[in-house]
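I have placed the structure first, in the form of structure tokens, so that the comments after it can refer back to it.
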Amino acid sequence: IDLVSLISEFLTLKKAGRNFTTACPFHNEKTPSFVVSPERQIWHCFGCGKGGDCFTFLMEYEKIEFIESLKILGKRVGIEIKTGDFAQGSKKQKIYDLNKTASDFYHYILTKHKAGEKALEYLLKKRKINKGLIESFGLGFAPSNSSLSRYLLSKKKTPRQDLMEAGLSFQSRGEVVDFFRGRIIFPLTDSRGNILGFSARGLLDSDTPKYINTKETMVYHKGSTFFGINKALPEIKEKKEAIVMEGEFDVISAFREGIKNSIAIKGTALTSEQSVYLSRISEKIIL
């Protein structure tokens with residue numbers, strides 16, 4: 001992997017003699033001190049002192065662990081990273097895997113099970129969200145009981161503590177209870193396709209609160225997450241323009257009309273962390 005090509009996907013590099021320079025993404029500065037050496041295939045910031053190779057750049061920039069950067073970069077060059085016990089030990093990876101299983105479960109309930117019929121009808125008829133969009137965004141439905149917890153505990157032999165740490169369940173009077181119940185489920189996915197958590201809307205307008213999100217976990221932080229970023233990123237980079245919307249249905253409706261550089265914030269505030277991320281991938285931001 002050529003380091004200059006890799007970093008150019010995230011930052012705008014300028015030629016400076018044998019090297020390339022840009023403003024460091026890891027601290028605030030006015031004079032560029034972030035240097036990339038094509039000869040040595042390393043990067044270094046003379047302002048904050050950080051540096052390394054392609055692995056360390058991806059780990060720092062995307063806030064991921066080494067095994068994740070190894071998988072991402074391996075995939076680029078056609079190398080399959082076969083993970084063993086050393087990778088399963090990652091708590092983050094466990095949460096990603098659990099969220100993927102939960103997402104598949106919710107999606108099955110919505111599209112194939114009797115328990116999801118009313119929610120499916122609501123999406124198709126009232127919200128005009130077609131089946132293609134339901135598939136594309138991986139929408140689901142959480143039943144009113146705790147069937148997800150029972151499924152993960154009995155069928156998948158998942159430890160109770162793992163369900164709590166992923167934010168999928170909580171404990172009440174010694175029983176494990178589903179965190180999301182009787183709600184339409186929207187998976188919250190990062191730019192690499194990992195499911196970080198979920199947003200859930202009450203099926204009835206009388207449901208209070210109307211929306212709830214996964215509580216803060218090791219991988220989900222509301223202030224740094226966008227709904228739809230995994231779908232919108234290619235179009236945002238191509239158009240150099242991002243449209244920031246309020247909610248999930250806004251984004252899905254925009255995609256239905258062919259506006260595919262749309263994303264939504266989680267909650268009422270646009271945070272500095274989200275703003276910094278957007279400034280890295282887009283020249284223009286529309287609220």
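The structure displayed is predicted, hence computed values, not measured ones. For this chain, numbers begin at 1 and follow the sequence in order.
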Is [Y] reachable from [X] through a run of hydrophobic residues whose side-chain heavy atoms are each under 4.5 Å from the next?
{"X": "Tyr61", "Y": "Val36", "result": "yes"}
{"X": "Phe46", "Y": "Leu11", "result": "no"}
{"X": "Leu278", "Y": "Leu196", "result": "no"}
{"X": "Ile72", "Y": "Leu6", "result": "yes"}

Hey, what do you get for [atom1] ([X]) to [atom2] ([Y]), rounding to the nearest 0.5 Å?
{"X": "Leu98", "Y": "Leu152", "atom1": "CG", "atom2": "CG", "answer": "6.0 Å"}
{"X": "Asn261", "Y": "Ile259", "atom1": "CG", "atom2": "CD1", "answer": "8.0 Å"}
{"X": "Met245", "Y": "Ile263", "atom1": "CE", "atom2": "CD1", "answer": "10.0 Å"}

- Item | Chi angles and distances behind the side-chain hydrogen bond (donor to acceptor under 3.5 Å, both in side chains) call for Ser33, Glu29 | CA-CA 8 Å; Ser33 57; Glu29 62 176 14; 2.4 Å; yes
- Nearest heavy-atom contact between Ala200 and Phe180 is CB-CD2, 3.4 Å
- Query: If you take all heavy atoms of Ser103 and Gly138, which pair is closest and at what distance?
  - Reply: OG-O, 4.2 Å
Test item: [X] side-chain N/O and [Y] main-chain N/O as donor-acceptor pair under 3.5 Å:
{"X": "Arg127", "Y": "Leu124", "result": "no"}
{"X": "Thr101", "Y": "Asp97", "result": "yes"}
{"X": "Gln274", "Y": "Thr225", "result": "yes"}
{"X": "Asn19", "Y": "Ala16", "result": "no"}
{"X": "Lys15", "Y": "Gly17", "result": "yes"}
{"X": "His221", "Y": "Gly223", "result": "no"}
{"X": "Ser279", "Y": "Val276", "result": "yes"}

Decide yes or no for [X] and [Y]: does some side-chain heavy atom of the first lie under 4.5 Å from some side-chain heavy atom of the second?
{"X": "Leu123", "Y": "Leu110", "answer": "yes"}
{"X": "Asn99", "Y": "Thr214", "answer": "no"}
{"X": "Phe20", "Y": "Trp43", "answer": "no"}
{"X": "Ser199", "Y": "Phe227", "answer": "no"}
{"X": "Thr21", "Y": "Leu13", "answer": "no"}
{"X": "Glu65", "Y": "Lys92", "answer": "yes"}
{"X": "Pro25", "Y": "Phe10", "answer": "no"}
{"X": "Ile229", "Y": "Thr189", "answer": "no"}

- The residue among Leu233, Ile236, Ile243 that forms side chain to side chain contact (heavy atoms under 4.5 Å, CB included) with Ser282 is Ile236
- Identified side chain to side chain contact (heavy atoms under 4.5 Å, CB included) counterpart of Phe141 within the set Thr111, Ile185, Leu203: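 Only match with Phe141 under side chain to side chain contact (heavy atoms under 4.5 Å, CB included): Leu203.
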- Message: Tell me whether the rings of Phe55 and Phe66 are parallel (<30°), tilted (30 to 60°) or perpendicular (>60°).
- Response: tilted
- If we ignore angles and hydrogens, is there a donor and acceptor under 3.5 Å between the side chains of Ser191 and Asn230? no
- Task: Taking salt bridge (charged side-chain N to carboxylate O under 4.0 Å, His left out) as the test, write out the residues that go with Lys125, two or more places apart.
- Result: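 Listed in chain order: Glu121.
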- Query: Does Glu9 have any salt bridge (charged side-chain N to carboxylate O under 4.0 Å, His left out) partners at least two apart in sequence or in another chain, and if so, which?
  - Reply: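 Salt bridge (charged side-chain N to carboxylate O under 4.0 Å, His left out) check on Glu9 returns Arg76.
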- Task: Report the C-alpha separation of His107 and Glu135 in whole Å, then their side-chain angles, then the decisive distance to 0.1 Å, and conclude whether the side-chain hydrogen bond (donor to acceptor under 3.5 Å, both in side chains) test is met.
- Result: CA-CA 8 Å; His107 185 67; Glu135 285 293 328; 3.0 Å; yes
- Item | Residue pairs passing the ring-ring contact (aromatic ring centres under 6.0 Å, His included) test where at least one lies in residues 258-287, sequence neighbours excluded |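 Matches after skipping sequence neighbours: none remain.
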- Which pairs with one or both residues in residues 234-263 pass ring-ring contact (aromatic ring centres under 6.0 Å, His included), sequence neighbours excluded?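 Of all non-adjacent pairs touching residues 234-263, those that pass ring-ring contact (aromatic ring centres under 6.0 Å, His included) are Phe137-Phe255, Phe186-Phe249.
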Ion pair [X]/[Y], N-O distance below 4.0 Å:
{"X": "Lys222", "Y": "Glu216", "answer": "no"}
{"X": "Lys75", "Y": "Glu80", "answer": "no"}
{"X": "Glu248", "Y": "Arg201", "answer": "no"}

- Which residue pairs pass the side chain to side chain donor-acceptor pair (under 3.5 Å) test when at least one of the two sits in residues 44-55, sequence neighbours left out?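 For residues 44-55, and leaving out neighbouring residues, the side chain to side chain donor-acceptor pair (under 3.5 Å) pairs sorted by first residue read Lys50-Glu60, Asp53-Thr56.
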- May I ask you to establish whether Lys231 and Phe226 are in a cation-pi arrangement, using a distance under 6.0 Å from NZ or CZ to the six-membered ring centre and at most 45° from the ring axis? no
State whether the number of non-hydrogen atoms from other residues, nucleotides or ligands found under 6.0 Å of [X] atom [atom1] is greater than 12.
{"X": "Lys63", "atom1": "NZ", "value": "yes"}
{"X": "Lys118", "atom1": "NZ", "value": "no"}
{"X": "Arg280", "atom1": "CZ", "value": "yes"}

For residues 161-173, dump all side-chain donor-acceptor pairs below 3.5 Å to protein atoms at least two apart in sequence or in another chain.
residue : atom : partner : partner atom : Å
Ser169  : OG   : Ser149  : OG           : 2.8

- Message: Quick check on the 6.0 Å ring-centre criterion: do Tyr106 and Phe198 meet it?
- Response: yes
- Message: Under the criterion side-chain hydrogen bond (donor to acceptor under 3.5 Å, both in side chains), I'd like the reasoning laid out for Asp2 against Gln41: C-alpha separation, chi angles, the key distance, then a yes or no.
- Response: CA-CA 7 Å; Asp2 177 58; Gln41 288 293 299; 3.1 Å; yes
